[in-house]
Structures are given as structure tokens and as C-alpha cells.
Participant: 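This is the structure I want to talk about, given as C-alpha cells.
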Amino acid sequence: MTKHSELRSLKPATICLGSHPGIIQSMLDYGYCIGDDKPSVLAIVGGGRKQERYFWGHDEIVIPVYAKLSAVPEASRQQATALLNVQSARRVLSGMQEAFELLPGLKLANIFAEQVPEVHALAVAAQAATSGVLVAGPASVGLLLPGLFKLGAIGGTLYPQLVSAGIFEPGNTAVVSTSGGMVNELIHIVTGQGLGVSFAIALGGDRNPITTPAEAFLLAESDSQTEQIVYFGELGGEDEYAIADLITSSRVTKPVVAYIAGTVAELFAEPPQFGHAKAMANDRRETAQAKKEVLRAAGAKVVDVFADLSEQLSGGNNMPSQPQPQPHKPIKERRKSMIVSRISGDVGGDVNLLGKDLLTTVEANSLAGLYISLLLGRQIESPKVIAFTDYVLRLLTDHGPYVAGALNTIVAARAGKDLASGLTSGLLTIGPRFGGAVNAAAAAWLEGVGGSVQPKAFVGSFKANGGIIPGIGHKKYRLDAPDPRTKALVKQFAGNSNGDRYLTFARGVEAVTTSKKANLILNVDGTIAAIMLDLLESELNYSQDQLQELVDIEFFNAIFILGRSAGLMAHYLDQRRHDEGLLRLSDDDVTYLPEG
């Protein structure tokens, strides 16, 4: 188990398994109030989102969300020293096992879920002991070292609760509780006496807490800041006998003030089950009264009435009172913005674009450089990426009035619609059969290369599912009459440091498909997708996960749409200049198939 001296020198860097906005925000607020220079929460592991917004003081921040712990960047996993586990009970074991394996610097953890299967809790306890990790839980609201860190909901989840608890500065009294709700009551009693808390831990009310009460007492005994221990226990189990042994053997020498809940259970003919899984006395030794007696015999101050705890604390004012506010960085009223943007915003009344004022960004970029930077959400400096973007945008501008997008724009223009409507008519045609194949091809090449699939097997998988391979095939060009655009792209932009592995895979697929039919060539969409993947990986160091994210948000389609928009507007303006009136199909343009 982690030593208390290690905890006091620990700089918390927390990864959260699961998301609980109230708890996470309270941890951030606590760090801000005590003067930490940056947020302690590194990442959240959960589903459904790529990021979550929180406050650091009065500023909004974004915490990244990853689908699994292994997807968290290696640097963050190496940095992590604390874990907040707010996953469901059935996922606690697998989550903790993965954390022990992937977080080499882990020192402490909080398991929030109740009713974790006993065999799972025992397995976590064994691994925690082997790894030297202090774990509060299951069914725990966490642990607190005032002035240093707060892990979990302990002390409150709202800023006013943190203030009223009086926990920003350390004191001399350790708080140990089997109950999450009562640990906060004990904290208020201690700070209300003007003593302050040295550290506090909610062990959890499940049958097998990872950290036992006895271990928590030894932790307090070894803490130079702690002068006395206040303890809340319950009927059920025999933990208090272990505490009594520690006191009588002088392994715990600091004064102990205790309250054991559940005396009322002895009024019932059959032992009742209280709220916590462990809170049930199966025999006389496990009753609250028996536990009180053994603790008193060992020398602890044990009260029969919870309200009398304050009178037994050494150095206090012996009168129940409210904690006094402690100095801290205050937090005023705040409100989340409707949206977040990495592209642009207003800073000091001036428009900022990509992190700099508008004119600076504009003057530092070519049009293609600005476009690719905007699409990727960060300033791009790679000359090769910018040159490729420039070439592709020019290449995709137009491919004649015959294609679906241009034809729709022409129809709208001749119907007298406005420019925006004409452009939109053409853009709305973009999909899996026109233009949208760039993104689909990128997804296909990424899946093939990432899965180490052989081109022949890749083609076979599409054939088995009756699907068309995106990026493959053309109505006009064939193996013996190739598309000059693909030849020009390969000539100018192949030869990347990653060995052109996406382009190589795509051409391997082409070799298989053209052996079956001559027009199943690697088309311009598939070529653009493959080379862009190679450039992003080799020039900008994009990982497979980052490339997959670009596929998911349709970045590759954005390139086609951006380039083709100019061509569509050109067709609109051309038709308006001709002003030939409404376009109507002739009888020869339609074949009528009467029923039967």
C-alpha cells in the first residue's frame, strides 16, 4: 500500500474510468481553490463523446474522452498517479485490472460503485497490494489530503460545499469512515472545532473494502501531520477488533475517538440489514455494542451519541459549530458557453484565426495552406501537404457539366434559383455514388492497412457482402485508357517516408480488381484518399486513431466539397449568363415503361 509520506509528496494526475461530471468538476474546483497551477484530470475513459467541457476556475477547459484506457496517449498514462473509477459495479474488476497494467505510476484510486461482487473486490484488493496502490472503495466517496488533493466526491461536489467544509488547509485530525455520507459529517465536526483535517478517507460499506479500517489507521499513525484519529464504524464484520489489537499492541499510539452505528439493531428479534452490504451483525461479536466495548477496553474514546463526538476531540472548542471559511482562490458564478471552437474566436475584441489574429494568419498562409489548416483544425506547416492540397483542390474543381452535381446546379440555375440554392442543389448530390467516395475510400484503405489484410482477401470480403469497393472503378477510364489525373497525383506526391503504405495497398487492390474487369481501376477518389493518408501519417505524424477520427468526421469528403464548390458556382454563373430558361427533358430523354 502507498505510504502516507508518498501521498504528501504526490502531484495528482488523474484518469477517470467513466464520467461523473459533478465529481470531476468538484476535483477541478478543489485544485483551483488551493492554488494548483493546472488541472489534475488528464483524461476520461468513456463512450459517446470525444471530449467533455469543465471549468478551471472561471475558464472553460476541454478534457479528452477515449473509448478505452489503452487509447489514452502513452504520455498521459505514464503521467497518471491517481484513478477515479465511476464505472458500474460489474465493470470494476476489468477496469481496475487494466489500470494496474497500463498506469505504471498509479499510487491511489477511488472506486465509487456499490455492490461490487465480493470475488471481484477480493481480486482487486490482491492486485492493489501487489502494486502498492492505495484504493478507497468499493462504495467510497474517495479520499482527501487538505491543501494537496481531493480524489472523489469527498468533501462535497459543489463549490459552496467545499467552502463550508473548511478543507482547503490541513489540520491535525485524520477522518476514517466506512460510510460516504458520514465521512462528510465527520469532516464538518472536525473543522467546526477549529482543528482541521490532516487526511480523510471513506473506506466504503461493501463487505470487502480494498483498504481495511486497520490499514487506514496505520496510514494515519505513520502520518506526521496527524495527531488524532476520528472514526465512524458500523455493525457487521470484525474490523474494530483489528483496530483494538493495533491500539493494545501500540502499533497505533495516537488518540482515537470513535462512534459505532447500529446499536438499535439489538432491539430486533432477527438481525436487520442496514443500508450498506456489510452493515448486518451475524453474531454477538459483530454488534455495535460489542465493538464499542472492545474499542473502549483498548483505550479509544467511544461515544454512544454521535453528537458527542466533538466533545472528545483534543484541542477543539468542545462546542458544535460551523467550520470557518478558509483562505482560497474564490470561484464566482459561471456559465458554460453554447459551443467551443478551435478554429476562430474573439480575443480582446479582435478576431483570432487558428490561434493568431486574423491578418497574421491570413498573411502567413497561401489559400491552400489556410484551407488545409482550417480543415485539420491547426496550423499546417508541411510544404508537401500544402502543395498536395493545392493540387487536389484545383484538380477537383470541375469535371464537366455531365456529372450529377453540375447537372443539378445547372437545372436550379435555369429555374431562376439564387446562387446559394444552385450551389446547394449540386452539393446535395454528393454521396456514395458521386464525390463521397473519397471519404469511403479512405475508410477502406485505413481498415485494410490497419488490419494487415491482404488485397486479395480485402476484395473477397467486399464481394462476399455484395458491396462496391469505394475508390475503385470508373465509367470512362480503363486499365488500357488510364485516368490522367491519378497518374499525375502519383507522379508528384508518392514517395513518402511511411513507404506509401496506403497507396501501395490501394494499388494492390487495383491489381486484383482489374484482373477481373478492366475498368475496375484505382480512380481519382481512391488515389486522393490513399495519398492523403500517407501524407498525414508521414508528414504530420497522425496515428491510426487520429486518421480514423478524420474518416469519422468526413474530413476527406470536405476536400472534395471544397474543391468542387468553385466548379458548381461556375456552372451556375455560366447558365445565368446564357439565360436559356427552364430546362425540360424531351420525350427522347425518357423511356416510358407502362405497367405490364
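We count residues from 1, following the sequence as given.
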Participant: Is there side-chain contact between Val347 and Lys356, with heavy atoms separated by less than 4.5 Å?
Facilitator: no
Participant: Side chains of Phe434 and Val403: closer than 4.5 Å at any heavy-atom pair?
Facilitator: yes
Participant: CG of Leu503 to CG of Leu533: how many Å apart, nearest 0.5 Å?
Facilitator: 10.5 Å
Participant: Pairing donors with acceptors under 3.5 angstrom, does anything connect the side chains of Asn498 and Asp534?
Facilitator: yes
Participant: Would you name the heavy atoms of Gln79 and Ala13 that are closest together and state the gap between them?
Facilitator: O-CB, 3.6 Å
Participant: Grab the two heavy atoms, one from Leu162 and one from Ser26, that are nearest each other, plus how far apart they are.
Facilitator: CD1-O, 3.9 Å
Participant: Can you check whether Leu17 reaches Val86 side chain to side chain, under 4.5 Å on heavy atoms?
Facilitator: no
Participant: What orientation do Trp445 and Phe458 show, parallel under 30°, tilted 30 to 60°, or perpendicular over 60°?
Facilitator: tilted
Participant: Let's go through Ser19 and Glu52 carefully: what are the C-alpha distance in whole Å and the side-chain angles of both, what is the deciding distance for side chain to side chain donor-acceptor pair (under 3.5 Å) to 0.1 Å, and is it a yes or a no?
Facilitator: CA-CA 9 Å; Ser19 176; Glu52 290 186 9; 2.8 Å; yes
Participant: Within the supplied structure, the quantity of interest is the number of heavy atoms (other residues, nucleotides, ligands) at a distance under 6.0 Å from Ile339 CD1; does it exceed 12?
Facilitator: no
Participant: Just wondering, are more than 12 heavy atoms of other shown residues or ligands nearer than 6.0 Å to CZ in Arg342?
Facilitator: no
Participant: Can you name the closest pair of heavy atoms from Asp525 and Val438 and give their distance?
Facilitator: OD1-CG2, 3.5 Å
Participant: Got a sec: does the CD of Glu447 have more than 12 other heavy atoms crowding it under 6.0 Å?
Facilitator: no
Participant: Inspect the surroundings of NZ in Lys384 and state if more than 12 heavy atoms from other residues, nucleotides or ligands are less than 6.0 Å away.
Facilitator: yes
Participant: If you define the side chain from C-beta out and look only at heavy atoms, does anything of Pro64 sit under 4.5 Å from Lys50?
Facilitator: no
Participant: Identify the heavy atoms of Ser88 and Ala113 that sit nearest to each other, and give their distance.
Facilitator: C-CB, 4.0 Å
Participant: Testing Tyr32, Tyr159, Tyr30 one by one against His328 for a ring-ring contact (aromatic ring centres under 6.0 Å, His included), which residue passes?
Facilitator: Tyr159
Participant: Would Glu60 and Lys336 pass as an ion pair if we require N to O under 4.0 Å?
Facilitator: no
Participant: Any carboxylate oxygen within less than 4.0 angstrom of a Lys/Arg side-chain nitrogen, looking at Asp483 and Lys487?
Facilitator: no
Participant: Minimum heavy-atom separation for Ala529 to Ala442, with atom names?
Facilitator: CB-N, 3.5 Å
Participant: Please determine, by modelled atom types, if Gln544 and Gln548 share a side-chain donor-acceptor pair under 3.5 angstrom.
Facilitator: no
Participant: Rounded to the nearest 0.5 Å, what separation is found between the CG atom of Asn519 and the NE2 atom of His474?
Facilitator: 10.0 Å
Participant: With heavy-atom distances below 4.5 Å as the criterion, would you say the side chains of Val449 and Thr504 are in contact?
Facilitator: no
Participant: Can you measure from CG (Asn557) to CG (Leu562) and round to the nearest 0.5 angstrom?
Facilitator: 12.0 Å
Participant: Would Glu554 and Asn439 count as a side chain to side chain donor-acceptor pair (under 3.5 Å) here? Give the steps.
Facilitator: CA-CA 6 Å; Glu554 292 193 78; Asn439 207 78; 5.1 Å; no
Participant: Please walk me through it: do Arg53 and Ser337 pass side chain to side chain donor-acceptor pair (under 3.5 Å)?
Facilitator: CA-CA 10 Å; Arg53 282 193 276 164; Ser337 59; 3.0 Å; yes
Participant: With no hydrogens and no angle check, do the side chains of Asn541 and Gln546 hold a donor and an acceptor under 3.5 Å apart?
Facilitator: no
Participant: Distance from Tyr572 atom OH to Thr409 atom OG1, nearest 0.5 Å?
Facilitator: 10.0 Å
Participant: With a sphere of 6.0 Å drawn around CZ of Arg77, does it hold more than 12 non-hydrogen atoms of other residues, nucleotides or ligands?
Facilitator: yes
Participant: Glu101 and Gln97: side chain to side chain donor-acceptor pair (under 3.5 Å), yes or no, with the steps?
Facilitator: CA-CA 6 Å; Glu101 178 184 352; Gln97 287 176 331; over 6 Å; no
Participant: Quick one: closest heavy-atom pair of Ile472 and Leu522, and the distance?
Facilitator: CD1-CA, 3.9 Å
Participant: Does the distance from a Lys or Arg side-chain N to an Asp or Glu carboxylate O, for Lys329 and Asp29, drop under 4.0 Å?
Facilitator: no
